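Numbered from 1 within each chain, the chains take letters A, B, ... in sequence-line order. Just the heavy atoms: all of them, side chains too, but no hydrogens, waters or symmetry mates, feed the values below. It should be emphasised that the depicted structure is a prediction, and the values quoted were computed from it without experimental measurement.
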There are 2 protein chains.
Amino acid sequence: MPKSKRLLELMMTVNRKRRFKVQELADEFGVSKRTILRDLQELSELGVPLYSEPGPHGGYQVVRERVLPPIAFTEGEAVSIFFAVDALRHYVSLPFESESSSALDKFYRHLPGDVRDRIDAMKNRVDIVTPRRRREAPCLAVLLNAAIDGRVLRIEYESAEAAAEAAVGGAIEGATEGKRGSKAKPGVRSIQPIGIYASNGLWYCPAYCFLREGVRVFRCDRIRSAEPDPAGTPPIDLEGRHLGNRKQYEPGHPSSGEGDGAAGKLRASLTPEGVRRCEPEPWLTEALSVLPDGGGMLEGRVPANDIGFYARFFAGLGREAAVLEPAELREAVRRELERALAHYS
Amino acid sequence: MPKSKRLLELMMTVNRKRRFKVQELADEFGVSKRTILRDLQELSELGVPLYSEPGPHGGYQVVRERVLPPIAFTEGEAVSIFFAVDALRHYVSLPFESESSSALDKFYRHLPGDVRDRIDAMKNRVDIVTPRRRREAPCLAVLLNAAIDGRVLRIEYESAEAAAEAAVGGAIEGATEGKRGSKAKPGVRSIQPIGIYASNGLWYCPAYCFLREGVRVFRCDRIRSAEPDPAGTPPIDLEGRHLGNRKQYEPGHPSSGEGDGAAGKLRASLTPEGVRRCEPEPWLTEALSVLPDGGGMLEGRVPANDIGFYARFFAGLGREAAVLEPAELREAVRRELERALAHYS
DNA sequence: CGAATTGTTGACGGAATCTGTCACCATTAT
DNA sequence: ATAATGGTGACAGATTCCGTCAACAATTCG
């Protein structure tokens with residue numbers, strides 16, 4: 001094998017096995033130790049960060065970084081990657097060990113000059129924004145690792161009742177009615193994380209909660225601390241639950257058919273502005289139809305358990321929506337609005 | 001220079017100048033044409049997509065793709081890049097020519113096996129979601145290019161009055177009061193895009209509007225078509241406006257000090273749930289303070305022009321908020337709630 | 001300490017490769 | 001037709017590469 005090819009292969013091999021011995025590679029490539037040594041030195045000069053230790057149990061290691069083999073990207077592909085990673089800068093916390101900005105820097109610096117020019121031209125012309133939040137979520141990495149390995153954690157959570165029950169992801173917050181109070185004192189509970197996801201700039205963690213004996217969604221910025229469960233609670237079988245099929249385990253909403261509790265038929269009319277306000281809600285997209293005049297209709301089902309949540313939602317839409325049925329919901333919205341009105345008279 | 005180094009340098013050179021002749025490179029590297037030819041063939045075998053044409057004005061070209069030189073990424077960096085790009089899959093439309101999924105595929109395939117394993121383990125455990133929208137925005141690339149080159153476009157826009165005025169980005173929708181109607185008929189106007197940005201799953205395009213003689217924000221999915229202005233309207237000087245300083249040109253809100261119109265002092269108290277609902281609003285973060293019991297206060301200024309917008313917003317919060325001053329706002333919220341209540345009696 | 005393991009360096013000659021030259025062909029624009 | 005440009009094959013000489021050997025250094029383990 002010619003040297004140039006061997007070097008490239010060596011680069012990949014070395015990256016695959018992070019630790020190795022010279023003799024090992026020599027056998028693998030069918031060349032002498034001396035040659036491998038020479039090659040390794042060359043790789044080193046080319047930027048592969050190798051570190052070696054003599055002695056028994058010694059050997060070579062790729063130390064902090066790994067070298068990606070050359071990749072052929074379209075100019076457009078490189079640009080999309082750049083802006084995708086750039087979008088992450090809006091997040092205060094990320095679950096990955098290293099700053100994404102360092103990756104971005106490296107990527108940018110290695111791009112051929114003219115692609116760089118193109119990116120510069122686009123830099124202040126394209127953005128994928130996420131609401132910037134002040135609250136940090138320090139435990140993301142711990143939660144993520146626990147989810148991957150299926151471990152049980154003990155967490156301190158800010159709001160024992162209300163938030164735990166209610167935080168079901170951005171828009172659906174409050175889907176399950178809970179007794180709300182001013183409980184901000186952290187409570188301790190054991191959970192087994194299923195995964196983490198960011199929505200609208202906040203991180204959420206669906207997890208099996210051993211306290212409530214069921215799956216709940218936690219807001220990661222409210223998790224004050226997370227550590228391996230000291231009681232050694234054995235992990236339960238999550239039956240293949242993960243983020244991909246998460247929806248199935250969430251409280252019912254109009255598009256998801258039968259939730260818990262009897263479901264009633266929902267009909268509501270919307271002004272054009274009402275349509276605009278409903279479009280962002282992912283749990284409504286299926287129920288929403290837009291009329292030619294810009295207004296719209298919502299048609300679906302509302303589980304009896306969630307009347308409270310729906311009432312608040314429609315009250316929030318104010319005059320941009322009018323619930324036609326079910327009657328209970330109309331009544332609930334009316335009560336909701338009257339309670340609000342009480343603040344202003 | 002040893003061949004191995006020459007090959008790597010050649011790879012980069014070839015990527016810098018996308019078109020070149022063999023003789024040119026031979027001179028540059030101080031070797032013979034024959035050698036360069038051999039090298040080029042090798043690069044070709046290594047995956048660099050070269051294309052050549054004989055004859056005068058012929059020469060070599062790097063055809064569709066470019067090869068990035070080897071980059072040293074931390075394992076963590078590679079993982080962040082993966083999930084950043086993966087997050088883009090939620091978008092129906094992107095302004096880049098090529099699918100970001102192809103970039104992701106390539107990236108994934110070239111990763112060393114164990115990093116790939118790590119990603120696989122995380123795949124259903126981490127997500128950065130964006131509300132999936134049904135509406136496509138077909139003109140993104142056109143708008144972006146016009147913004148980069150400072151060109152004037154003629155667009156067909158769905159809602160001549162309401163949406164043009166109101167679409168000021170996700171949360172601030174409706175910040176400027178406009179006469180809302182059921183106008184869904186597309187209107188034609190000339191604009192000069194400043195940039196495009198995605199917020200909450202929808203694409204927006206701030207642009208100078210020659211019809212309204214000022215900067216407006218357009219929702220890209222409502223732009224039915226966009227083409228170079230046939231009237232040849234000369235571009236205006238945007239005075240360095242771009243996405244980075246966009247905020248300065250937006251209608252005032254509590255944190256941005258003096259808007260147009262006299263500003264009144266705003267004070268409102270929030271329940272803990274109210275705090276939760278206000279936290280996501282970027283334009284409120286400065287005004288919001290959280291009390292130890294979980295409740296909160298909003299303190300800032302409200303421009304007289306925006307009373308209508310604020311009234312709607314607080315009406316939407318329902319009983320989770322109580323405006324204390326100014327009195328005009330209290331009165332406006334009350335009227336808002338009463339109008340809503342009229343639908344339910 | 002001494003033995004074993006592993007990396008590090010230098011030297012050298014033979015083997016393998018790379019390179020330049022030259023000759024000739026193919027394609028295309030002018 | 002002519003000139004410009006890429007493409008290929010062959011071959012000898014130049015260069016690099018490679019294996020072997022030898023000596024040394026650092027570390028672990030008994």
Side-chain angles (χ1 to χ4, degrees), chain A residues 1-67 69-70 72, chain B residues 1-67 69-70 72:
Chain A
M1 189 192 308
K3 183 185 177 185
S4 40
K5 287 198 206 309
R6 197 184 54 228
L7 272 181
L8 287 176
E9 297 224 6
L10 195 60
M11 190 150 81
M12 305 203 229
T13 308
V14 149
N15 276 320
R16 204 174 44 247
K17 26 161 69 116
R18 313 250 308 232
R19 297 185 59 107
F20 54 89
K21 305 204 197 319
V22 177
Q23 187 63 55
E24 200 177 308
L25 293 184
D27 294 345
E28 217 165 290
F29 281 85
V31 298
S32 73
K33 261 179 62 179
R34 188 67 181 85
T35 304
I36 292 292
L37 242 1
R38 282 193 271 245
D39 287 353
L40 286 177
Q41 179 162 0
E42 249 181 275
L43 281 192
S44 209
E45 280 162 18
L46 283 174
V48 187
L50 294 171
Y51 169 73
S52 64
E53 265 188 344
H57 311 307
Y60 266 88
Q61 297 181 50
V62 182
V63 72
R64 3 156 225 131
E65 312 187 308
R66 339 199 55 189
V67 173
Chain B
M1 189 190 310
K3 184 185 176 185
S4 40
K5 287 200 207 300
R6 195 183 56 228
L7 272 181
L8 287 175
E9 296 223 8
L10 196 61
M11 190 153 81
M12 305 205 225
T13 308
V14 148
N15 276 320
R16 206 174 44 247
K17 22 160 70 120
R18 314 220 0 203
R19 296 185 59 109
F20 54 89
K21 304 205 200 318
V22 176
Q23 187 62 56
E24 200 176 310
L25 292 184
D27 294 345
E28 215 164 293
F29 282 85
V31 297
S32 74
K33 263 177 61 179
R34 188 68 181 87
T35 303
I36 292 293
L37 274 174
R38 282 193 271 244
D39 288 352
L40 286 176
Q41 180 161 359
E42 250 181 274
L43 281 193
S44 210
E45 280 161 17
L46 283 173
V48 186
L50 294 171
Y51 170 72
S52 64
E53 266 187 345
H57 312 309
Y60 266 88
Q61 298 181 51
V62 183
V63 71
R64 27 186 190 111
E65 311 186 311
R66 339 199 56 189
V67 172

For the residue pair [X] and [Y], establish whether any side-chain heavy-atom pair is separated by less than 4.5 Å.
X	Y	result
A/L50	A/V14	yes
B/T13	B/F20	no
B/I36	B/Q23	no
B/L37	B/Q41	no
B/L40	B/L10	yes

Selection: residues 28-36 of chain A, any non-hydrogen atom under 4.0 Å of DNA chain C: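 Output list: A/R34.
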To the nearest angstrom, how far is [X] atom [atom1] from [N] atom [atom2]?
X	N	atom1	atom2	answer
A/Y60	C/dT5	OH	P	19 Å
A/L50	C/dT6	CG	C1'	16 Å
A/L43	C/dG7	CG	C1'	16 Å
B/D39	D/dG7	CG	P	13 Å
A/E53	D/dT28	CD	P	7 Å
B/R6	D/dT16	CZ	P	10 Å
A/L7	C/dC18	CG	P	12 Å
B/K5	C/dC18	NZ	C1'	17 Å

B/R38 or B/P54, whichever maps to the more 5' nucleotide of DNA chain D: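 Mapping each residue to its closest nucleotide by heavy atoms, the 5'-most match is B/P54.
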Which residue lies more 5' along DNA chain D, comparing B/K21 with B/Q41 via nearest heavy atoms: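 The 5'-side residue here is B/K21.
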CG-CE distance between A/L7 and A/M1, expressed to the nearest 0.5 angstrom: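 Separation between the atoms: 10.5 Å.
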Distance (rounded to the nearest 0.5 Å) between B/K3 NZ and B/R38 CZ: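 These two atoms lie 8.5 Å from each other.
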Shortest side-chain distance from A/P56, nucleotide among C/dT28, C/dT5, D/dC17: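 Per side-chain heavy atoms of A/P56, the pick is C/dT5.
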Which residue lies more 5' along DNA chain C, comparing B/M1 with B/H57 via nearest heavy atoms: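 Its nucleotide being nearer the 5' end, the pick is B/M1.
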